[in-house]
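Residue numbers begin at 1 in each chain, while the letters A, B, ... track the order of the sequences. The basis for the numbers below is simple: all heavy atoms, side chains too, and nothing from hydrogens, waters or symmetry mates.
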Amino acid sequence: MSARAGNIVQPGLDVARIRADFPILHQAVNSHPLAYLDNAASSQRPLQVIDAVAEYYRSDHANVHRGVHALSQRATDAFEGARSKLRAFVNAASDKEIIWTRGTTEAINLVAQAWARPRLGPGDEILVSRMEHHANIVPWQMVCEQTGATLVVAPIDEKGEIRLDEFERLLGPATRLVAVGHVSNALGTINPVREMTAMAKAAGAAVLLDGAQAVPHMRVDVRELGCDFYAFSSHKMCGPTGIGVLYGREAILAEMPPWQGGGDMILAVSFEGTIYNDLPWKFEAGTPNIAGAVGFGAAVDYLEDIGMDAIAAREAQLLEHATRVLSEVPGLRIIGTAEHKAAVVSFVLEGIHPHDIGTIVDAEGIAVRTGHHCAMPVMEFFGVPATARASYSFYNTEEETERLAAALNKAQEMFA
Amino acid sequence: MDLKDLYRDVIVDHNRRPRNFREIEPPRCTADGHNPLCGDKLRVYLRLADDVIEDVAFEGSGCAISVASASMMTESLKGKTQSEALALFERMHDLLTGRESAAANVSELGKLAALQGVREYPTRVKCASLCWHTMKTALTGGQTVTTE
């Protein structure tokens, strides 16, 4: 362990003050201070979010959209207020375009079942990329089985970048939908999604972007991107688990049938027929995750307070430092070396399986993810069974990377 | 928690130089073991002469614990009868999951006892037991392949 590198902090982003907001970071794991480098799997929550959820339950909880009583009104205001915050955060045109889901996975499944399934048939194609998370592969495979459509896969190169020429070549009149990740969870690659969306639109295809790994780390403007759907999760951006957002253009959402039936998604029910509710509630059957939405809203307030541009700049520093320091570890190979990357460093170490790396660095209090990262086709492409992955958030420090590098050197000695 | 209890010298050695790391030509019993969570993939081969395990080997890739466990398993099974091998499977299961009954006679297990440190690492128990489950499948005809 060493403190060679002082933390290089931009003016305006006070890492010590920020870390004080995250109680979970201040604990010992295996007798070492916790270094949490598994943010791509799930981030941690600041007190502001924890307190917002607790305060909601302590003072304001009732069911939403149902009662005339005071608590129901307060809960509804908090719930819909959170929706407005999320709408502003990604610059959607209207609150009607923000559908609450359980997370990115459910958002993608909603589009698969309520948009793609009724529209697609044999001869139609869905285009994804080789670097997708399983959540942006399997829902489309299911739709293909249900409709007879075909899943087409755009290749990537050795750096982990999309082959844009191939992507464009694979687009055609049969392409009904393009579903690609904004940022790869396994490689960190930031895809040129604005350009890809424009290409897809020129070919007449609808576009869904999986933004689970992008929204926590950079300013995202769905209208500027020009996509039809954009999906992301609260738990990767300092909010509660079990809630996420599907953004959909109002015109395209209006054409879609409901996905699940139940309370809240209806205006009137009789045994002769049911009138569905307006957007966005048409897609929100059942009592929603109200506290989750409230906490998600608080998370967005927290991120806005720091500033997404400041967050992106700080994480770029962490990535640059981590890439340099980890590259100096003998026998270490970084998987995913795209020019534009989020702060994710996936790597393999010669002679040591990633699973052993995970255990060895955990003994030093360092949390990294090991495995296939729900992206088995990516692992296959790079010819590795698994990788170890350090993924960063704005609250991480250079010192944590130094500790990781020291632990990896120790692993080398242990297996030498 | 000391990593040296998990990565004992004998385990590091068997990982670096796995014994019986090869295919056994038919006739043979074989089965595949896969731990999708960490990407461990093993194929275990057994050749039986009547009831006795005449030869045993494995191939595949995995973490140090799974490779060392498989390597040591092949050494311990040679010459054993089927019922002895299945009894050893049960004992290893007890050892890895930390049941009392096994602890008393750990020394009888010889080299295999080196794997007892795994019980302190619940996420790694499956790594050590993968080869044993695969062996059991091969032996009990789960995915037995027999050719001339």
Side-chain angles (χ1 to χ4, degrees), chain A residues 28-32 34 38 41 133-134 137-138 186 331 335 346-389 406-416, chain B residues 1-19 21 32-43 58-72 96 98 114-134:
Chain A
V29 169
N30 296 323
S31 311
H32 296 275
L34 168 66
D38 194 18
H133 187 281
H134 295 164
I137 299 173
V138 181
I335 306 289
S346 232
F347 61 91
V348 292
L349 208 48
E350 205 182 318
I352 308 184
H353 192 277
H355 215 182
D356 296 310
I357 294 173
T359 294
I360 293 166
V361 305
D362 179 60
E364 305 281 323
I366 303 163
V368 298
R369 170 88 186 265
T370 60
H372 54 60
H373 315 295
C374 296
M376 291 171 85
V378 174
M379 300 295 116
E380 193 196 358
F381 176 80
F382 285 98
V384 294
T387 71
R389 179 187 70 184
L408 295 174
N409 282 317
K410 205 166 167 177
Q412 300 273 36
E413 285 166 26
M414 188 176 278
F415 279 73
Chain B
M1 183 156 99
D2 187 349
L3 278 178
K4 275 282 163 199
D5 286 338
L6 182 64
Y7 297 109
R8 296 182 188 192
D9 290 345
V10 61
I11 290 177
V12 171
D13 176 59
H14 273 262
N15 175 52
R16 198 184 305 132
R17 296 185 300 114
R19 323 295 199 264
F21 191 78
D32 290 333
H34 187 204
N35 182 349
L37 207 66
C38 49
D40 292 347
K41 278 183 187 170
L42 295 177
R43 174 168 291 173
F58 79 107
E59 290 180 315
S61 70
C63 66
I65 302 299
S66 68
V67 170
S69 182
S71 171
M72 292 192 286
L96 296 173
L115 285 163
Q116 67 182 308
V118 171
R119 68 173 69 162
E120 302 301 326
Y121 298 81
T123 57
R124 307 304 301 274
V125 169
K126 275 201 277 185
C127 308
S129 61
L130 179 66
C131 61
W132 287 92
H133 285 284
T134 311

Is the shortest distance from a Lys or Arg side-chain nitrogen in B/R19 or B/D13 to a carboxylate oxygen in the other one below 4.0 Å?
->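 Salt bridge present between B/R19 and B/D13.
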Specify whether A/H134 and A/H372 have parallel, tilted or perpendicular ring planes, treating 30° as the upper limit for parallel and 60° as the lower limit for perpendicular.
->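 A/H134 vs A/H372 ring planes: tilted.
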Does any non-hydrogen side-chain atom of B/K41 lie less than 4.5 Å from one of B/D32?
->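 A side-chain contact under 4.5 Å is absent here.
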Quick one: are A/P385 and A/H353 in side-chain contact, heavy atoms under 4.5 Å?
->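 A side-chain contact exists here, since the closest heavy-atom pair is under 4.5 Å.
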Quick one: which of B/C63, B/S66, B/C127 has the most heavy-atom pairs under 4.5 Å with chain A, could you say?
->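 Of the candidates given, the most pairs with chain A belong to B/C63.
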Measure the spacing between CZ of A/R369 and CZ of A/R389 and express it to the nearest 0.5 Å.
->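 CZ of A/R389 is found 5.5 Å from CZ of A/R369.
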Name the region of B/D9, side chain, backbone, both or neither, that has any atom closer than 4.5 Å to a heavy atom of chain A.
->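 For B/D9, neither part sits under 4.5 Å from chain A.
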Of the backbone (N, CA, C, O) and the side chain (C-beta and beyond), which part of B/I65 lies under 4.5 Å from a heavy atom of chain A, both, or neither?
->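 Its backbone and side chain both get close to chain A.
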Side chain, backbone, both or neither: which part of A/A416 has a non-hydrogen atom closer than 4.5 Å to chain B?
->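 Only the backbone of A/A416 comes within 4.5 Å of chain B.
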Would you mind checking which part of A/I360 comes under 4.5 Å of any heavy atom in chain B, side chain (CB onward), backbone (N, CA, C, O), both or neither?
->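 Both parts, backbone and side chain.
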